[in-house]
Every structure is written in C-alpha cells, then in structure tokens.
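In what follows, every heavy atom counts, from backbone to side chain, and hydrogens, waters and symmetry copies are set aside.
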Amino acid sequence: MADKKRKRWNRGAKASQFTRGAGGELAYTGRHYTFCEQDVSYQESMRRRIALAAGATVAVLACGFMPIPALVNTWYVLVPYMLTVLAVASLVWAVCRIGYWGNPLREYVYDTTVKQLPIRTLLTMILSMCTLCGQICYLVLHGLQEGRYFFDFAFLALLIVIFVCSNAWRRMEIRWKWLV
C-alpha cells in the first residue's frame with residue numbers, strides 16, 4: 001500500500017534529488033533549468049507573467065462581485081465560473097512559485113510550474129468560454145432585466161478579458177525556452 005502511495009505522489013523522485021551534507025543539512029543535487037531566450041530577459045518574462053496574471057485575477061474577481069442573477073442559482077453559469085476562478089488561482093500560484101525560486105529553477109519546480117503553464121492557460125481559456133456561453137444561454141432564455149444591462153455586458157466583456165490574457169500567456173509560454 002505504501003509503495004502505491006509513493007508512486008502516486010512521486011515523492012521519491014523529488015527526495016532523490018537531495019543529499020545530506022556533513023552538517024546534516026540537505027543539499028539539492030538535481031538539475032536546474034535556466035531561462036534562455038534571446039528576445040526577452042527573465043525579468044521581462046516575469047513582468048509579463050505577473051501583468052497577465054493580474055489582469056485575469058482582477059477580471060475574475062470583478063465578475064464575482066457583479067450582481068448577475070445567473071451567478072446565484074444557475075448551475076450552467078455558476079459551475080464554469082467557479083472552475084474559472086480555480087484555474088486563474090492556479091495560474092497565480094504558478095507565477096508566485098516561479099518568482100520565488102527565481103532563475104535557474106530546480107527540476108521539480110520547473111515540472112510543476114513552467115511545464116504545466118500551457119495546459120493551465122488552455123484550461124482557463126476553455127472554462128472562461130464555457131462561462132461566457134452559459135451566460136449567453138441564460139440571457140437568451142431569461143432575457144435582459146431592466147437596470148442590469150451594464151452588468152450583463154460587463155460580465156461578458158470581463159470573461160473575454162480572461163480569455164485574451166490566458167491566450168496571450170499561452171502563446172508566450174510555448175515560445176519561451178528553458179534549458180538544462
């Protein structure tokens with residue numbers, strides 16, 4: 001049972017990258033990945049990542065504070081929106097980890113952040129469009145309510161902002177190279 005659990009979480013692979021020093025401290029002996037891009041420096045890439053993460057975060061939070069009736073009791077808008085919030089939080093967490101560990105990145109940090117960012121951004125794009133489609137369906141079925149036109153259209157526009165931020169981020173991450 002313990003072997004299955006260890007394989008499932010892959011803790012052994014991470015632990016094998018550390019050795020004990022003479023004083024008992026742990027020393028990292030694994031590979032390091034260095035950001036190697038000719039056009040953009042590491043600092044500029046981090047500024048872009050932070051700007052796109054901030055844009056998506058502000059947009060998703062602003063959506064949550066709007067008085068949209070569909071976010072109260074409509075599952076086909078609420079569920080994709082909640083998953084979009086989690087996907088954006090996952091992007092922010094990855095940027096924080098990359099920023100914390102700096103350049104070069106340890107292999108296990110690289111595997112859980114940089115390698116996963118194209119997938120996470122794609123997931124965020126898909127979920128924001130699912131929320132957008134759900135909101136459009138809600139508006140078609142229930143119509144626009146008087147006095148809420150601004151919020152309905154602002155909600156749709158912010159979902160498009162999340163999609164655009166994620167799409168731009170995905171394109172950058174695919175293009176940027178990290179070398180061992």
K.L.:
I'd like to check Leu158 versus Ile162 (side-chain heavy atoms, cut-off strictly below 4.5 Å). Are they in contact?
P.N.:
no
K.L.:
Distance from Glu107 atom CD to Thr112 atom OG1, nearest 0.5 Å?
P.N.:
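That separation rounds to 10.5 Å.
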K.L.:
Could I get the full list of side-chain hydrogen bond (donor to acceptor under 3.5 Å, both in side chains) partners for Ser41, not counting sequence neighbours?
P.N.:
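Partners of Ser41 under the side-chain hydrogen bond (donor to acceptor under 3.5 Å, both in side chains) test: none.
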K.L.:
For the OH atom on Tyr149, are there more than 12 heavy atoms of other groups (residues, nucleotides or ligands in this structure) within a distance under 6.0 Å?
P.N.:
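Counting neighbours around OH of Tyr149, more than 12 heavy atoms of other residues, nucleotides or ligands fall under 6.0 Å, so yes.
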K.L.:
Which heavy-atom pair separates Thr34 from Pro104 by the least distance, and what is that distance?
P.N.:
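For Thr34 versus Pro104, the nearest heavy atoms are OG1-CB, 3.6 Å.
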K.L.:
What pair of heavy atoms forms the shortest contact from Val109 to Arg97, and how long is it?
P.N.:
CG2-NH2, 3.7 Å
K.L.:
I want to check something: taking the side chain as every heavy atom from C-beta on, are Val95 and Met46 in contact at a cut-off of under 4.5 Å?
P.N.:
yes
K.L.:
Under 4.5 Å between any side-chain heavy atoms of Ile98 and Leu117, yes or no?
P.N.:
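Of all side-chain heavy-atom pairs linking Leu117 with Ile98, at least one is under 4.5 Å.
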K.L.:
Restricting to side-chain hydrogen bond (donor to acceptor under 3.5 Å, both in side chains), what partner residues turn up for Thr131, sequence neighbours left out?
P.N.:
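Thr131 satisfies side-chain hydrogen bond (donor to acceptor under 3.5 Å, both in side chains) with Thr84 only.
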K.L.:
Under a 4.5 Å cut-off applied to non-hydrogen side-chain atoms, are Leu71 and Phe155 in contact?
P.N.:
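A side-chain contact under 4.5 Å exists here.
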K.L.:
Could you check whether any side-chain N or O of Ser128 sits under 3.5 Å from a backbone N or O of Thr124, counting only pairs where one atom can act as donor and the other as acceptor?
P.N.:
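Pair found, side chain donor or acceptor close to backbone of Thr124.
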K.L.:
So do the side chains of Val40 and Met172 get within less than 4.5 Å of each other, counting heavy atoms only?
P.N.:
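They are not in side-chain contact.
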K.L.:
Are there over 12 heavy-atom neighbours, none belonging to Met66, within less than 6.0 Å of that residue's CE?
P.N.:
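Yes.
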K.L.:
Honestly curious: do Val60 and Trp93 fall in one hydrophobic cluster under the side-chain, below-4.5 Å linking rule?
P.N.:
no
K.L.:
Evaluate side-chain contact (heavy atoms from CB on, under 4.5 Å) for Glu173 paired with Thr121, printing each intermediate quantity in order.
P.N.:
CA-CA 9 Å; Glu173 287 297 334; Thr121 52; 5.7 Å; no
K.L.:
Please say yes or no: joined through hydrophobic side-chain contacts below 4.5 Å, possibly via intermediate residues, are Val161 and Leu159 part of one cluster?
P.N.:
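No; Leu159 is not reachable from Val161 via cluster members.
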K.L.:
When clusters are formed by joining ILVMFWY residues with side-chain heavy atoms under 4.5 Å apart, either directly or through shared neighbours, do Val85 and Leu156 land in the same one?
P.N.:
yes
K.L.:
Mind jotting down which residue pairs meet the side chain to side chain donor-acceptor pair (under 3.5 Å) criterion with at least one end in residues 65-83? Sequence neighbours excluded, please.
P.N.:
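Of all non-adjacent pairs touching residues 65-83, none passes side chain to side chain donor-acceptor pair (under 3.5 Å).
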K.L.:
Hydrophobic cluster membership, with links at side-chain heavy-atom distances under 4.5 Å among I/L/V/M/F/W/Y: are Val164 and Phe153 in one?
P.N.:
yes
K.L.:
Check the pair Leu132, Ile136 against side-chain contact (heavy atoms from CB on, under 4.5 Å), reporting the backbone distance first and the verdict last.
P.N.:
CA-CA 6 Å; Leu132 181 91; Ile136 290 171; 4.1 Å; yes
K.L.:
Strictly by ring pair (Phe, Tyr, Trp, His ring centres under 6.0 Å), give each pair with a member in residues 29-65 just once, sequence neighbours left out.
P.N.:
Tyr28-His32, Tyr33-Tyr110, Phe35-Trp176, Phe35-Trp178
K.L.:
CD1/Ile50 to OG1/Thr57 distance, rounded to the nearest 0.5 angstrom?
P.N.:
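Nearest 0.5 Å value for the CD1-OG1 distance: 11.0 Å.
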K.L.:
Quick one: are Leu122 and Ile126 in side-chain contact, heavy atoms under 4.5 Å?
P.N.:
yes
K.L.:
To the nearest 0.5 Å, how far apart are CG in Leu83 and OG in Ser90?
P.N.:
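Interatomic distance, Leu83 CG to Ser90 OG, rounded to 0.5 Å: 12.0 Å.
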K.L.:
Which pairs count as side chain to side chain donor-acceptor pair (under 3.5 Å) when at least one residue sits in residues 155-165, sequence neighbours excluded?
P.N.:
none
K.L.:
Does Leu179 share a hydrophobic cluster with Tyr108, counting links as ILVMFWY side-chain heavy atoms below 4.5 Å and allowing steps through other members?
P.N.:
no
K.L.:
In Å and rounded to the nearest 0.5 Å, what is the CZ to CZ distance from Arg175 to Arg170?
P.N.:
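Spacing of CZ (Arg175) from CZ (Arg170) equals 13.0 Å.
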K.L.:
Would you compute the distance between atom CG of Asp152 and atom NE2 of His142 and round it to the nearest 0.5 angstrom?
P.N.:
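Here the rounded value is 11.5 Å.
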K.L.:
Taking all heavy atoms of Gly102 and all of Leu105, pick out the closest pair and write down the distance.
P.N.:
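The pair with the smallest heavy-atom distance is O-CD2, 3.1 Å.
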K.L.:
The criterion is salt bridge (Lys or Arg N to Asp or Glu O under 4.0 Å); which residues satisfy it with Arg120, sequence neighbours excluded?
P.N.:
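Here no residue qualifies.
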K.L.:
Working to the nearest 0.5 angstrom, can you tell me the gap between Leu123 CG and Gln116 CD?
P.N.:
11.0 Å
